[in-house]
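What follows is a set of notes on a single structure, which appears directly below.
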Protein chains: 2
Amino acid sequence: MMLRLIIKQTVMNTAKRGRPPKQARSFDDTKDALLLAGMAILTERGFNTVGIDHILKRVGVPKGSFYHYFKNKDDFGLQVIQHYDQYFCAKLRRCFNSDPEHPVNGLKLFIDEAVEGMEKYRFTRGCLIGNFGQEMPILSETFKHPLADCLQHWTDLLADNLKQAQALGHIAASANCDEQAEFFWIGWEGAILSAKVMQSELPMRKFAKGFLAQLISTEHAH
Amino acid sequence: MMLRLIIKQTVMNTAKRGRPPKQARSFDDTKDALLLAGMAILTERGFNTVGIDHILKRVGVPKGSFYHYFKNKDDFGLQVIQHYDQYFCAKLRRCFNSDPEHPVNGLKLFIDEAVEGMEKYRFTRGCLIGNFGQEMPILSETFKHPLADCLQHWTDLLADNLKQAQALGHIAASANCDEQAEFFWIGWEGAILSAKVMQSELPMRKFAKGFLAQLISTEHAH
DNA sequence: ATTATTATAGACCGCTCGTCTATAAATCAA
DNA sequence: TTGATTTATAGACGAGCGGTCTATAATAAT
């Protein structure tokens with residue numbers, strides 16, 4: 001039976017329980033493939049405007065698979081948000097730790113990468129949380145906390161980074177790092193949105209420039 | 001026949017050409033009523049997620065009327081944007097001219113009114129342009145310029161206001177008012193979005209505070 | 001009067017949505 | 001080995017969408 005199992009598995013797939021797909025697939029974790037595609041598609045097109053069929057067609061699985069892994073569309077959306085939060089926090093940690101001697105460079109790296117990403121997808125992919133946020137009024141209540149949590153996670157990570165910069169004397173001792181971090185993410189969401197409207201990196205660059213200028217400035221209005 | 005005309009008209013309506021509505025309406029300009037409802041509904045729910053039927057039901061007119069006044073849904077959306085731009089620019093002019101001796105107070109008034117408006121609708125109504133902007137990737141190309149134009153109009157109005165404040169010595173002579181105005185609207189879009197996510201006025205207040213702090217600050221980095 | 005214009009009324013079609021039921025293979029229990 | 005269970009894919013289904021269409025009813029023009 002060991003032999004039989006080996007024969008059954010394709011190059012990419014290991015034999016699995018359940019009804020096998022009609023045609024071989026390029027992945028072996030259907031749920032993960034759906035979440036990955038969901039992140040990309042929902043980041044580009046939002047939640048309510050995207051049909052499940054759209055995601056299914058991209059991944060190449062039938063509808064039944066979707067409803068096997070997810071209770072409903074909301075459940076899927078929530079799990080996509082969770083995946084995105086993990087992905088994004090990991091990205092932030094990597095950027096913020098990239099230059100421990102100059103923590104502010106970590107933020108600059110993040111900004112540069114964000115600009116690169118926006119250009120790569122020609123300003124069609126913004127921020128998943130921003131998309132969901134814009135749709136808040138028509139989303140189920142269950143989305144409220146997960147979305148707010150994401151912003152809080154990012155704020156915490158950035159505040160930490162700024163405090164490190166402050167300890168090194170790179171930003172004014174009088175600066176309130178928590179407030180600065182909140183200010184950054186509030187504005188950054190607008191920068192992504194504006195970049196989509198203008199189809200240009202300029203809003204991102206302009207916001208970053210303004211934020212960094214007042215951050216580095218040693219004098220602050222009381 | 002003069003008498004007959006007077007008899008025919010209801011309290012609110014004047015006699016008009018064309019087939020009369022089955023039941024009397026509370027408005028006499030159907031197109032305007034559709035645009036007004038469109039502004040409110042699209043500001044709350046976005047463009048692609050809202051069906052024409054939704055707007056028709058709110059206004060109480062049949063589909064035939066919609067397609068009499070608008071070529072298609074895109075045409076409607078574009079005209080709603082145009083209306084919103086006029087409404088919003090008028091609001092800005094009123095606020096910015098409210099205290100000519102202290103132009104910065106005009107911006108503060110705008111911010112206060114925006115917070116009031118967000119609270120009034122319990123953070124369900126944000127910015128129409130922000131909503132459309134978030135949907136850019138799935139909108140027809142025809143939306144691109146009108147949306148960007150709105151942001152430009154607002155930037156021009158704010159830049160003017162800031163220049164007046166600068167002339168009065170209320171903000172630093174070294175400040176670049178055009179850049180400051182751009183910075184404000186970029187970030188403000190994010191503040192509205194964040195307020196929707198958090199269902200709180202705090203993001204708007206925090207962004208406003210940060211923006212005004214660096215604006216008023218007399219010292220600017222190099 | 002007759003025709004043209006304006007505007008409302010709502011049926012209809014093709015398409016897509018989210019849900020649901022059926023099917024097929026692997027595994028487990030006896 | 002065989003039947004029940006679990007896992008996963010397959011696709012049918014009804015509801016609702018946007019947009020078009022024809023029909024209708026009033027005024028205005030000739």
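Labels below follow one simple rule: chain letters A, B, ... track the order of the sequence lines, proteins then strands, and each chain is numbered from 1.
Checked against side-chain contact (heavy atoms from CB on, under 4.5 Å), A:Ser98 has the following partners two or more places apart in sequence or in another chain: A:Leu109.
Ring centroid separation for the pair A:Phe76 and A:Tyr69 does not come in under the 6.0 Å cut-off.
Between the CG atom of A:Leu56 and the C1' atom of C:dT19 there is a distance of 13 Å, given to the nearest Å. Counting to the nearest Å, the C1' atom of D:dC17 and the CZ atom of B:Arg45 are 14 Å from each other. The distance between atom CZ of A:Phe66 and atom P of C:dC20, rounded to the nearest whole Å, is 13 Å.
Within the cation-pi definition used here (under 6.0 Å to the ring centroid, within 45° of the axis), B:Arg93 does not qualify as a partner of B:Phe96. Because its NZ or CZ atom is both nearer than 6.0 Å to the ring centre of B:Phe47 and within 45° of the ring axis, B:Lys73 counts as a cation-pi partner of that residue. B:Phe183 does not carry A:Lys209 over the face of its six-membered ring by the limits of under 6.0 Å from the centre and within 45° of the normal.
Residues from residues 32-44 of chain B that place a heavy atom under 4.0 Å from any atom of DNA chain C: there are none.
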Quick one: which protein N/O atoms are closer than 3.5 Å to N/O atoms of nucleotides 16-18 of chain C? Pair and distance per line, please.
residue: C:dC17; atom: OP2; partner: A:Asp53; partner atom: OD2; Å: 3.4
residue: C:dG18; atom: OP1; partner: A:Lys73; partner atom: NZ; Å: 2.9
residue: C:dG18; atom: OP2; partner: A:Ile52; partner atom: N; Å: 2.7
residue: C:dG18; atom: N7; partner: A:Lys63; partner atom: NZ; Å: 2.4
residue: C:dG18; atom: O6; partner: A:Lys63; partner atom: NZ; Å: 2.6

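Of the N and O atoms on the side chains of A:Asp156 and A:Gln152, at least one donor lies less than 3.5 Å from an acceptor on the other residue. Using modelled atom types and a 3.5 Å distance limit, the side chains of A:Asn131 and A:Glu135 yield no donor-acceptor pair.
We find the CD-CE distance between A:Glu116 and A:Met204 to be 10.5 Å, quoted to the nearest 0.5 Å.
Between A:Thr30 and D:dA8 there is no side-chain N or O to OP1 or OP2 distance below 4.0 Å. Phosphate contact (OP1/OP2 of D:dT9, side-chain N/O of A:Tyr69, threshold under 4.0 Å): present.
With D:dT9, D:dA10, C:dT6 as the candidates, the nucleotide lying closest to the side chain of A:His68 is D:dT9.
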